[in-house]
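Presented below is the structure to which this report refers.
These numbers were taken from a predicted model, which means no experiment stands behind them.
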Amino acid sequence: MKKILFVLMGICILFLSSCAKNLKDGGPQYIKYNSNAVIDRGERNSNEEYDYVDENPVMDVSKYPKSTFSIDVDTASYANVRRYLNEGALPPMGAIRTEEMVNYFSYDYPAPEDKPLAIYTEVAPCPWNYDRNLAMITIKGKEMDVSTFPESNLVFLIDVSGSMSSSNKLPLVKSALSMLVENLRHEDRISIVVYGSKARTVLEPTRGDQKDEIIEAINSLEAGGSTAGGAGLQMAYTLANEYYVEGGNNRVILATDGDFNVGISSEEELIEFIEKKRDMGIFLSVLGFGTGNYKDSKMEKLADSGNGNYAYIDNINEANKVLVEQMSSTLLTIAKDVKVQVDFNPETVKGYRLIGYENRVLDNEDFENDQKDAGEIGVGFVVTAFYEIIPVETDDTGNLMNIKVRYKEPDGDTSELIEKDITIEDITDEPSMNFLFASSVTEFSLLLRNSKYKGNASYESVIERATSALGEDEKGYRTEFIRLVNLAMEIDERD
């Protein structure tokens, strides 16, 4: 008995030593946890799941002159953070993805004319680290007239399991889809598959102008049963493949709280299945709903694997934003496998840090590898990334960095390249409203994460800069952001 106890004690010591080493080395890159596991944040007791990702470190340009990442057009993080703040709690760390918060907002840039994408850049002193600069890289997708859109073959896959019964789940899904239906054209085709205890087709492929029939099918949905998500996914893709439109927009749109527990349920199996369908030209978008057992980590991975976008819908206004105002950018891809590579000049830049995009970082050799999957951009969408830069004291001339972007046409297999240089002369002390607002959202995310890189960041600085860059703000999204910053400041002070 004593020998057994000594062996068990030895195993425990080895385990604790390993944990200590991980913490000393910065810990593992990905840590999955439930929201109630973060005691210092005081979250409600729930089974929500997030992947916590360590922040990108500062990189030495003399050793690592290149930085490569895949773009991200998801916006789920911002809406989810808003939900937490409105309920009086700071969000769990894994819910805060800086790039999704910045890209939630629209910015004013000219649309490209001769190519699907255009690069815009701006460099100014960093608002929270005064001895550094902040470089903003923006990619703008081309605009298109809705009347010229290709035919859409949309299959809505709706979770109607028992976990979807609350008012912010299935009832909100039904209201959101009803809003989308009003914007469908005759040439569009929509189908509805549901899954609870079993998967079934509620609406066979129906032309978009048959709105009464579609709405009737939506209104008939009721929640109950377990969660046969895998079977539902297979049925939805079968329907999408049967009515596949050559050269059209073929897409499955999954509306769920993310809980899969019957059939194909492991992330590995789901991702492998979705990637095969993606390569056949059928993309997957994911709309997240609800609280309590929300599986953010799983849904983000599914959308990424399916060449689609991931949005979280916490209220009817967000449903309108995602499915009505931004329907074209949400549903129509104009460029896929979009990658960015930045080559820093060691004569002018000592170090850099990519802010956000932690789970989008690529190996440098992946940039020219056309077999490597990356993010997609929809019509008119704007994607922004920030680099914090440590300058080398030098003359006021010279190149800071070279920016390259690779992308493929939606039905293409070979990437095309566009690039742009940024010089020391491009640094400005009077940044644009785009820069001021986007950088204020970035600073806010550093505060929410209590980032070790936050420097002199403050809620007051965020509010001041965001207020100066409100612009016309017709939809009120920027005004709402300022309200949320004030709310976060109150919660932070209280806790």
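- For the pair N103/D74, no side-chain contact is recorded, criterion being any heavy-atom separation below 4.5 Å from C-beta on.
- A cation-pi contact, defined as under 6.0 Å to the ring centre and within 45° of the axis, links R478 to F437.
- Contact annotation: the side chain of M299 never approaches that of L254 to less than 4.5 Å [non-hydrogen atoms, C-beta and beyond].
- Using cut-offs of 30° and 60° on the angle between ring planes, the pair F344 and Y352 is parallel.
- One distance of note links CG of L270 with CG of L302; it measures 5.5 Å at 0.5 Å rounding.
- A heavy-atom distance below 4.5 Å is found between the side chains of L448 and V81.
- Each of Y310, F105, Y84 was compared with Y78 under the ring-ring contact (aromatic ring centres under 6.0 Å, His included) criterion, and only F105 meets it.
- When atom types are taken as modelled, the side chain of N345 and the backbone of N399 share a donor-acceptor pair closer than 3.5 angstrom.
- Of the candidates K169, K298, K295, D257 forms a salt bridge (charged side-chain N to carboxylate O under 4.0 Å, His left out) with just one, namely K169.
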Could you pull out all donor-acceptor pairs under 3.5 Å where a side-chain atom in residues 410-417 meets a protein atom, sequence neighbours excluded?
from : atom 1 : to   : atom 2 : distance (Å)
S415 : OG     : D370 : OD1    : 2.7
S415 : OG     : R406 : NH1    : 3.1
E416 : OE1    : Y407 : OH     : 3.4

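- Using a 4.5 Å cut-off on side-chain heavy atoms (C-beta onward), N56 and V361 make contact.
- When N250, L284, V193 are each tested for a side chain to side chain contact (heavy atoms under 4.5 Å, CB included) with Y237, only one passes: L284.
- One finds the CG atom of L154 at 11.5 Å from the CG atom of L239 (value rounded to the nearest 0.5 Å).
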